[in-house]
Asker: 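First the structure, which I've put down as C-alpha cells, then a few questions once you've had a look.
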Amino acid sequence: MIQTVATQPFTDQKPGTSGLRKKVRVFQQPHYAENFVQSVFDSLDGYEGQTLVVGGDGRYLNREVIQTVLKMAAANGFGRVLVGKGGILSTPAASHLIRSSGAFGGLILSASHNPGGPDEDFGIKYNIGNGGPAPEKVTDAIAARSLAIDSYKLFDGPDVDIDAIGSSLLGGMTVEVVDPVAGYADLMASLFDFGAIRAMIAGGFTLAFDSMSAVTGPYAVEIFEGRLGAPAGTVMNGTPLPDFGHHHPDPNLVHAKILYDRMMAADAPDFGAASDGDGDRNLIIGRHCYVTPSDSLAVLAANAHLAPGYAAGLKGIARSMPTSGAADRVAEKLGLPLYETPTGWKFFGNLLDAGMATICGEESAGTGSDHVREKDGIWAVLLWLNILAVRQQSVATIMADHWTTYGRNYYARHDYEAIAKDKADALMAALRDKLDSLPGTTNSGGVVKSADDFAYTDPTDQSVSKNQGVRILFTDGSRVVFRLSGTGTEGATLRVYIERYVGPDGELGLETEVALAPLIAAAQEVADIAGYTGMDQPSVIT
Ligand code: G16
C-alpha cells in the first residue's frame, strides 16, 4: 500500500559540492531523509517504470536509508532498483552500474572522506543517467523543491533482504540485489594490462593499499590480491565498517599517516596507495616519494597511452581551477585541449559526454577518466601500476623524469577547518572587495598580475557558474587561490591553494614548504587569515 505522508520543508537541504552532507543526527530527524529523497524524485521527469541504482559506502545509517529509498522508489513508480549486496557500492562502481544497466539515475549514500558513526557524517547524492553527479540545474531544482515540499510517498511493506543476491518484488517494483564488485573489476580488467601488472608483482614488486576500513576493501581484495596476485595482506583495513574503525577515511598525509610512514621506512614497499570512504579519491606514494594529486594527474595524462584502454591517446584533459597547472604543461606538449572547471566532479560530466576530455583530475585527490562519470580511486592506482609495469622504473624516477621534462609545480593546500561561518564569509567578502585594487601591488609573493573571482562557462551548454574561488596571480606564474569548501558539515572550511612553477632548468628538488614560503606569507598578508579565523596555523596541509 502506498502512503502519502505529510511533512514540512527543512531549510538546509541545498546540495553542496557533492550532494547533501550533514551530521547523522540531522539525517535522523523524522522526515529528513525522506524529504530530500522525495525532493530529488520531484525534480525529475520520466522515471516511471525505469531503473534506479542505490548503494553506499557502508557508513552508519547506510542500511536504514537504503530501505527508505527502496520503499520511496516503489511508491513513486520506479520499475526496478538495483542495490549493491549489503548496501555496498563504491561511488565509481555505482557510476558504472548506472551506465551499464541503462538506469535512469542513482542515489549514492556517502559523505565521502568525512568520518562515519552516530556522531559523524552522512550524505545522499543523486547521479543522472550518464552515471555522473547531477549538474547544477538539477541540484538547484532539488534545493528549490526541498523548500516547498509538503508530503512524500512511501510504500508500506517489509524491509527488503539486501544481503542475498537475487530479485524480489516490493509492491510493483523489482528489487535486484547485485554483486557490487564483479562488474567493476571486469571494467578495470578491460582498461589495463592485468597480465603485465601481475607479472610485475610476481617478479617481486611490492605494494600496500589502505582501504581505510571503507568501501574499497572488497574491490581492492578482489582486484589486487585476487586478480593481480598480490599477497594476502596487501590490502590494509579491507573490511568496510560503519564508523571506519573510528578513523577519518580521507587519504591524505594526515589521515593516512600509517601508510605514509610505512612508505618512508627503509624497508618500504615499492608502491603505496589509499582510497577514501566511498572509493573515488586516491593517494599515491612511491617508495620514499609522495606524489601530489596535481602531479599524479599530470603523470597519468602524460603516460596513459601505455595502458591498453588509452593506447589511442587522449581527447583532452580537464582539471578543476584550484588544481595545479602541471597537467596544462602535459596538454600543451601533447597538443591537447585543457579545460579548467570549478571544483566539483559534476563539472567534468559534460566534457566527458561530449568526448572533449578523456582524463580529469582535482587537487582533492581525485582522478578519473571517461570510463565512468565519477573520479575513481582504484582506477588511478591501476593506471599507475600499468605505467610502472611498462616503464619498469620506480615512482621516484618517473617523478624526477617528469619534472625535468615539464618543470615542477610546487603545490600545497592549507585548510582552516571548523571556523565560524560568518567569519569565513567576511574574509571572502573582504578579499572580493580588494580584487580590483590588487593588480600591480607587491607583497611577499611578488608582484600581483591579476586578481579575480573564478567564473566558468561550460563549453557544451554555455551554462555559467560564478563565484568559484578568488585567484591571485603573480607575474612569475605563481598563484594563491582562496575558496570555501562545499563539503564540510561543521562551520566553514577555508581552503588556500598555493602554487609556484619552476621550469625544467630551475630548482626542482626543494622542500615544498621552502619553495612556497613567500606565497604562504602573501596569503596571510592579503587575506588576514589569522585575523579573521583566530588560527595561526592551518588544521590540515595536503
Ligand atoms: C567532492 C567533489 C570534488 C571536490 C571535493 C572537495 O569530493 O566531488 O569534486 O573537489 O568534494 O570539495 P570542497 O573543496 O568543496 O570541499 P568527494 O570525494 O568529497 O565526493
Side-chain angles (χ1 to χ4, degrees), residues 14-22 56-57 59 89-92 94-95 108-116 120-127 131-136 139 212 214-216 248-252 255 274-283 293-294 297 318-324 339-349 351-352 360-368 372-380 413-419 424 428 454 456 465 467-470 481-497 538-540 542:
K14 183 175 168 40
T17 307
S18 189
L20 183 68
R21 290 187 192 163
K22 299 282 175 198
D57 61 12
R59 70 177 59 226
L89 274 177
S90 76
T91 290
S95 182
I108 302 178
L109 312 182
S110 170
S112 187
H113 52 290
N114 295 3
E120 301 295 354
D121 295 355
F122 189 74
I124 306 181
K125 179 170 73 158
Y126 178 68
N127 280 29
E136 277 194 329
T139 53
M212 305 191 90
V215 80
T216 53
H248 198 128
D250 191 351
N252 62 30
H255 298 300
S275 190
D276 68 333
D278 61 332
D280 56 1
R281 296 184 175 208
N282 69 89
L283 168 72
S294 295
L297 169 66
R319 65 163 172 87
S320 67
M321 180 275 283
T323 304
S324 94
Y339 302 94
E340 186 178 32
T341 63
T343 294
W345 204 263
K346 59 191 173 195
F347 292 102
F348 294 136
L351 299 171
L352 294 168
C360 309
E362 294 187 283
E363 52 65 39
S364 55
T367 357
V372 290
R373 294 294 180 273
E374 289 279 4
K375 55 191 188 276
D376 188 342
I378 286 183
W379 171 90
R413 186 178 93 185
H414 290 196
D415 291 341
Y416 297 80
E417 293 177 341
I419 50 184
M428 291 302 293
F454 182 63
Y456 176 66
S465 302
N467 302 324
Q468 297 295 327
V470 166
V481 174
F482 301 84
R483 62 179 280 283
L484 299 184
S485 161
T487 57
T489 57
E490 235 174 340
T493 295
L494 171 70
R495 302 207 195 283
V496 185
Y497 311 84
S539 339
V540 180
T542 50

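Keep in mind that what you see is a predicted model, and the values were worked out from it rather than measured. Whatever order the structure lists ligands and atoms in, that order sets their numbers, starting from 1.
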Asker: Looking at residues at least two apart in the chain, or sitting in another chain, which of them share a side-chain contact (heavy atoms from CB on, under 4.5 Å) with Thr487?
Answerer: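 For Thr487 the side-chain contact (heavy atoms from CB on, under 4.5 Å) partners, ignoring immediate neighbours, are Thr17, Arg21, His113, Ser485, Arg495.
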Asker: Are any of the side-chain nitrogens in Asp278 or Arg59 under 4.0 Å away from the carboxylate oxygens of its partner?
Answerer: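 Salt bridge flag = no for Arg59 with Asp278.
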Asker: Answer whether the closest heavy-atom distance between the side chains of Glu120 and Asn114 falls below 4.5 Å.
Answerer: no
Asker: List for me each residue that meets ring-ring contact (aromatic ring centres under 6.0 Å, His included) alongside His414, sequence neighbours excluded, and say none if there are none.
Answerer: none
Asker: Give the protein residues with at least one non-hydrogen atom closer than 4.0 Å to an atom of ligand 1, ordered by chain and number.
Answerer: Thr17, Ser18, Arg21, Ser112, His113, Asp276, Asp280, Arg281, Thr343, Gly344, Trp345, Glu362, Ser364, Lys375, Arg483, Ser485, Gly486, Thr487, Arg495
Asker: Could you tell me which residues satisfy side chain to side chain donor-acceptor pair (under 3.5 Å) with Arg319, sequence neighbours excluded, listed by chain and number?
Answerer: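 Scan of Arg319 (side chain to side chain donor-acceptor pair (under 3.5 Å), adjacent residues dropped) gives Asp328, Glu340.
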Asker: Say whether Ser95 and Asn127, considering side chains only, have a donor N or O and an acceptor N or O under 3.5 Å apart.
Answerer: no
